[in-house]
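Ligands are counted one by one from 1 in listed order, and the atoms in each one are counted from 1 as well.
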Amino acid sequence: MIRQKAAESRLREFALTILPQEIIRKKRDGAALEPAEIEAFVHGLVAGSVTHAQVAAFAMAVYFRGMDMGERIALTRAMTRSGIVLDWRGLGLPGPVLDKHSTGGVGDNVSLMLGPIVAACGGYVPMISGRGLGHTGGTLDKLDSIPGYATQPDLDLFRKVVKEAGVAIIGQTADLAPADKTVYAIRDVTATVESIALITASILSKKLAAGLQALVMDVKTGSGAFMPTLEDSRELARSIATVATGAGLPTVALITAKDQPLASAAGNAVEVRNAVEFLTGARRDARLREVTLSLCAEMLVLGGLADGIREARAKVEYALDSGAATEHFSRMVASLGGPADFVERHERYLKVAPIAVPAFANEAGRVAEINTRAVGLAVVALGGGRTRPQDAVDHAVGLTELAELGDEVGGDRPIGFVHARSEEAAKTAAEALAAAYRIGEGHAPLPPVLERIAGA
Ligand code: URA
């Protein structure tokens with residue numbers, strides 16, 4: 001089931017004959033590294049013969065000099081092989097193993113619906129998700145608001161739930177791509193996060209280690225996105241799609257808008273409630289629906305579950321409207337330790353903050369611009385995210401009924417509701433929200449899905 005990728009003795013010998021500082025020097029001077037050099041460096045960092053200072057220097061050299069696609073593929077492969085690589089073949093699954101990854105949104109609960117929808121269409125989704133990062137929300141923090149739901153099950157339970165429910169959304173395990181864990185922590189404190197080559201290898205090494213057959217990437221663009229300009233987002237999307245496909249993982253990237261929160265809710269329990277309402281049809285925010293169904297349709301086509309986007313779209317809509325996706329969601333929640341009647345009685349299970357107040361814009365008029373990052377930070381300040389890795393998250397707090405670009409606000413129409421622990425926190429968040437919303441004349445909102453980029 002699990003193939004332990006032991007370093008070959010050839011690699012070990014090679015790693016001893018080539019000095020890490022020579023690899024760093026070569027990259028520093030702008031030359032392309034050989035795959036064997038990259039492998040030796042990654043092997044050395046896992047084995048401890050390459051120091052953290054050398055990793056930092058390497059990351060900075062890559063930040064300034066970049067890497068060509070061949071180098072990125074070699075780095076991705078080496079980091080993938082630094083730990084275990086899941087292999088689903090032994091389970092005899094009757095459908096493809098698929099996943100989606102996003103570069104991080106605000107009010108972005110797509111995964112909670114996408115996994116069950118794709119499972120209802122015959123795919124298998126072993127989704128390994130993260131916690132909130134900076135101003136962006138994390139799927140794991142949202143799932144932690146479901147009582148009993150195990151976000152860190154052992155691998156046997158993970159496999160069992162994927163097989164039986166078609167989807168399991170869990171947290172990162174220490175065994176998958178451990179080289180990335182080390183490199184990421186060093187990048188985080190050495191101003192080397194924003195390198196397209198390093199982001200590509202970091203994301204894809206974890207996805208390849210999860211043993212997928214195909215991947216769909218949701219690359220955000222707009223205020224608060226990792227890559228705020230469309231040109232940068234395109235470059236990241238192209239890099240990920242090309243490197244993934246080159247490393248044997250067929251991938252399509254959609255560039256989606258982050259010029260406003262995606263759902264009308266932002267937080268943890270409030271986003272889970274929004275997801276349940278989406279699945280059951282009680283409420284479906286239009287842009288959220290478009291992004292979710294577009295990503296699902298791409299996954300079906302990549303996985304051979306539909307012949308084209310039209311057919312795939314019809315299938316995912318049926319999976320949603322027939323209630324089949326809701327059933328898969330319920331099964332996943334119950335199998336991972338959550339309540340069996342979670343969907344039916346989610347109001348009873350999800351925590352509610354003691355204070356709920358409307359937040360009003362500074363003036364009446366049309367919403368012209370939203371600082372999405374500031375909206376995300378307002379959730380963090382309420383306690384719904386972290387300012388330090390060890391912080392606990394308050395699952396009950398957040399924002400709901402958020403106005404969209406183009407909506408009329410003012411008078412008795414707030415820009416949203418704040419759910420807080422205290423009156424004071426509610427007031428601060430309401431002020432932050434008012435400051436994040438500019439009222440007046442503005443550009444038309446971006447379409448929810450801007451572009452599609454397939455791996456070459
Ligand atoms: N997410 C990752 O997993 N890695 C990065 O480098 C950036 C975002």
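Considering only heavy atoms from C-beta on, Val216 stays 4.5 Å or farther from Leu114 through its side chain.
The one candidate from Ile73, Thr242, Leu75, Leu236 that meets the side chain to side chain contact (heavy atoms under 4.5 Å, CB included) condition with Thr200 is Leu236.
For Arg187, a nitrogen or oxygen atom sits less than 3.5 Å from a nitrogen or oxygen atom of ligand 1, counting backbone and side chain alike. Residue contacts with ligand 1: Ser202 is placed with a nitrogen or oxygen under 3.5 Å of a nitrogen or oxygen of the ligand (distance criterion only). On a distance-only criterion, Tyr184 and ligand 1 share no N/O pair closer than 3.5 Å.
With hydrogens left out, the protein atom closest to atom 1 (N) of ligand 1 is Ile203 CG1, 3.9 Å, a heavy atom. Counting only heavy atoms of the protein, atom 7 (C) of ligand 1 lies nearest to Phe226 CE2, 3.5 Å. Lys206 NZ, 2.5 Å is the protein heavy atom nearest to atom 3 (O) of ligand 1.
A salt bridge between Glu290 and Arg287 is absent, with no side-chain N of the basic residue lying under 4.0 Å from a carboxylate O of the acidic one.
Taking the six-membered ring for Trp and thresholds of 30 and 60 degrees, Phe158 and Trp88 have ring planes more than 60 degrees apart, a perpendicular arrangement.
Looking only at atom types and distance, the side chain of Lys351 has no donor-acceptor partner in the side chain of Ser145 under 3.5 Å away.
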